[in-house]
Protein chains: 2
Amino acid sequence: MTHDLKESFNADSPPAPAALAAKVRTLAPSMTRSMQRVAEAVAGDPAGCAALTVTGLAELTGTSEATVVRTARLLGYPGYRDLRLALAGLAAHQQSGRAPSVTADIAVDDPIADVVAKLAYDEQQTLADTAAGLDTVQLGAAVAAAATARRIDIYGVGASSLVGQDLAQKLARIGLIAHSHTDPHLAVTNAVQLRSGDVAIAITHSGSTVDVMEPLRVAFDRGATTVAITGRPDGPVTQYADHVLTTSTARESELRPAAMSSRTSQLLVVDCLFIGVAQRTYETAAPALAASYEALAHRHTPRPR
Amino acid sequence: MTHDLKESFNADSPPAPAALAAKVRTLAPSMTRSMQRVAEAVAGDPAGCAALTVTGLAELTGTSEATVVRTARLLGYPGYRDLRLALAGLAAHQQSGRAPSVTADIAVDDPIADVVAKLAYDEQQTLADTAAGLDTVQLGAAVAAAATARRIDIYGVGASSLVGQDLAQKLARIGLIAHSHTDPHLAVTNAVQLRSGDVAIAITHSGSTVDVMEPLRVAFDRGATTVAITGRPDGPVTQYADHVLTTSTARESELRPAAMSSRTSQLLVVDCLFIGVAQRTYETAAPALAASYEALAHRHTPRPR
DNA sequence: TCACCTTTGAAAGATATTTTCAACCGGGTT
DNA sequence: AACCCGGTTGAAAATATCTTTCAAAGGTGA
């Protein structure tokens, strides 16, 4: 599956009911300027845009019909007509559930209570977006591969390395052979050992972190089943991925680095992967979980009161 | 609001959000035979009809385009196009109505899509609980201490160690001196160096992990400001904590270890702490964040497409 | 600067929707 | 029964909307 470029994601989800705002955010970086203007308008006011014709929306955004159609395509619809229908559906949706008013960015002078509320809300949003945007077919395939893998190598650097470690820890707990690699050199060194029947998982929000791409490429070339967990489903890392799991991207602000929401999103994906694997290996996973719990008991003071 | 069914929708003429089936029934007598066929199809399967063009619907009902348009007009829309948009909205609505049963535990035989939904829902719940249960006064105090600390030491083992590392990474990014300790011996060794003006943070879900409590005790004795992030505000660790930040605990199931939801909760707390500190040190934090972003740019492949 | 690739919108081409209009139907009248 | 007439219907023209094409504009690296 060596797809690249724009055509790749036109193939996947034909319809896309909700989670449009999330999709817009994920795809925004791969859009051209004028397409971003259109996407922004659409995400900002679905109801309003649903009432517009191609020409209308083109005028509103100061672009051309062609650009509007292109944007619709990029978002996964066959054409503008279908995007418009989806927007109408979305509008009806929002109508029912009025959003709370903590959506604003976190400001420097926000009282601490607001920070808590906004952050919690944002992360909840990120979770919802991620769940909506996750391709369950890809996830299922990744789960199947991991559940039967001889060994699982995980690559991630920076903030993503923690996510990788988390996954490795959990998989190890249910008796699988899983390792997380942070050092790029060691990662490549290890990747060389992989072959068919092994699984390599790369975690990178940007989709273009060389330190993570390189070991994945090696694993891919060696015949291992490769999985990319990334916020950029069109990024270069997907070249070497048999299965791509997309994380969502929340808008970031000055005080809220992208790493924060991408981490939340990545963790959800990783958890889903883990649970999926645990389901498939239930016979061995359940006792292993119990055993590891037992083994740690003595590390706690006897009676917590 | 006393009106019931039939009377209600005569009032709202221009749009007609729901109650389409009812409208069809009321207006049916005043329709001609072929129009009734169209109206019937529309009321029977809004979603399906939304996918059809005028011609398609005309064929389906064995009538002509003109009749379809007439029917749309009779139902109160300017034309078929608008009826179609309304249908799409209606369909989306119905869809959302059915799916409230994700609250159950994750079972071994749940399809992967359910796993995603349940997990996302659970984590969202955990976030809400955590935000609600977080003591902003304690948080504010912890933030104040951390923002002005000479150095910050963080203790966590197991799953919590990742949370500790995450916090340390982020604090370091905004120019603070923060370290996460995983090795209990090294943690204690380092804790001995602390004194008044330093901050020590212990992260333990159980509130009774000796490997984490011990360094915190040492730091406490040495006069450092100590913070405990724990799910058990009555646990032994709080003895040595000047400020206690409580994380929430979601119910766990066989397949979903406690570590999973506690991690989500801990991360939110840690994020709040971080943002709070970033706010208070904004002058230095903002440029530091920008600088660390710059420094990493070359680790990505130049042009993602 | 130039060559090359990307992005963009004007306009042509294709579809879908709306309107027009004549044929058709059914019932009442001579 | 034959005829007329208002209402109903669909084929086809007219219009609006959407899609595609293509060349010019804009940017980037050598």
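Sequence lines set the chain letters: A, B, ... in the order given, protein chains first and strands last, and positions in each chain run from 1.
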Exercise: do A:Thr67 and A:Ser64 side chains pair donor with acceptor under 3.5 Å: yes
No-hydrogen, no-angle side-chain donor-acceptor test under 3.5 Å, A:Ser261 and A:Thr264: no
salt_bridge(A:Lys118, A:Asp122) N-O dist < 4.0 Å: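 A:Asp122 and A:Lys118: not salt-bridged.
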Residues A:Arg37 and A:Glu40 bridged, charged N to O under 4.0 Å: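 Judged by the 4.0 Å cut-off on N to carboxylate O distance, A:Arg37 and A:Glu40 do not form a salt bridge.
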Phosphate OP1/OP2 of D:dG7: any B:Thr32 side-chain N/O under 4.0 Å: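 Negative; the distance criterion is not met.
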Are [X] and [Y] side-chain neighbours, meaning at least one heavy-atom pair lies under 4.5 Å?
X        : Y        : answer
B:Val38  : B:Leu57  : yes
A:Asp198 : A:Arg222 : no
A:Gln165 : A:Leu162 : yes

So which protein N/O to nucleotides 16-20 of chain C N/O distances come out below 3.5 Å?
unit_1	atom_1	unit_2	atom_2	d
C:dT17	OP1	B:Arg84	NH1	3.2
C:dT17	OP2	B:Val54	N	2.6
C:dT18	OP1	B:Tyr80	N	3.3
C:dT18	OP2	B:Tyr80	N	2.8
C:dT19	OP2	B:Arg73	NH1	2.8
C:dT19	OP2	B:Arg73	NH2	2.4

Sugar-phosphate only, base, or nothing, as touched by B:Gly62 at under 4.0 Å among non-hydrogen atoms: sugar-phosphate
Rounded to 10 degrees, the angle between the two terminal axes of the helix from C:dT1-D:dA30 to C:dT30-D:dA1, each from five pairs: 0°
For B:Thr281, side-chain contact (heavy atoms from CB on, under 4.5 Å) partners two or more places apart: B:Ala147, B:Ile174, B:Val277, B:Thr284, B:Ala285
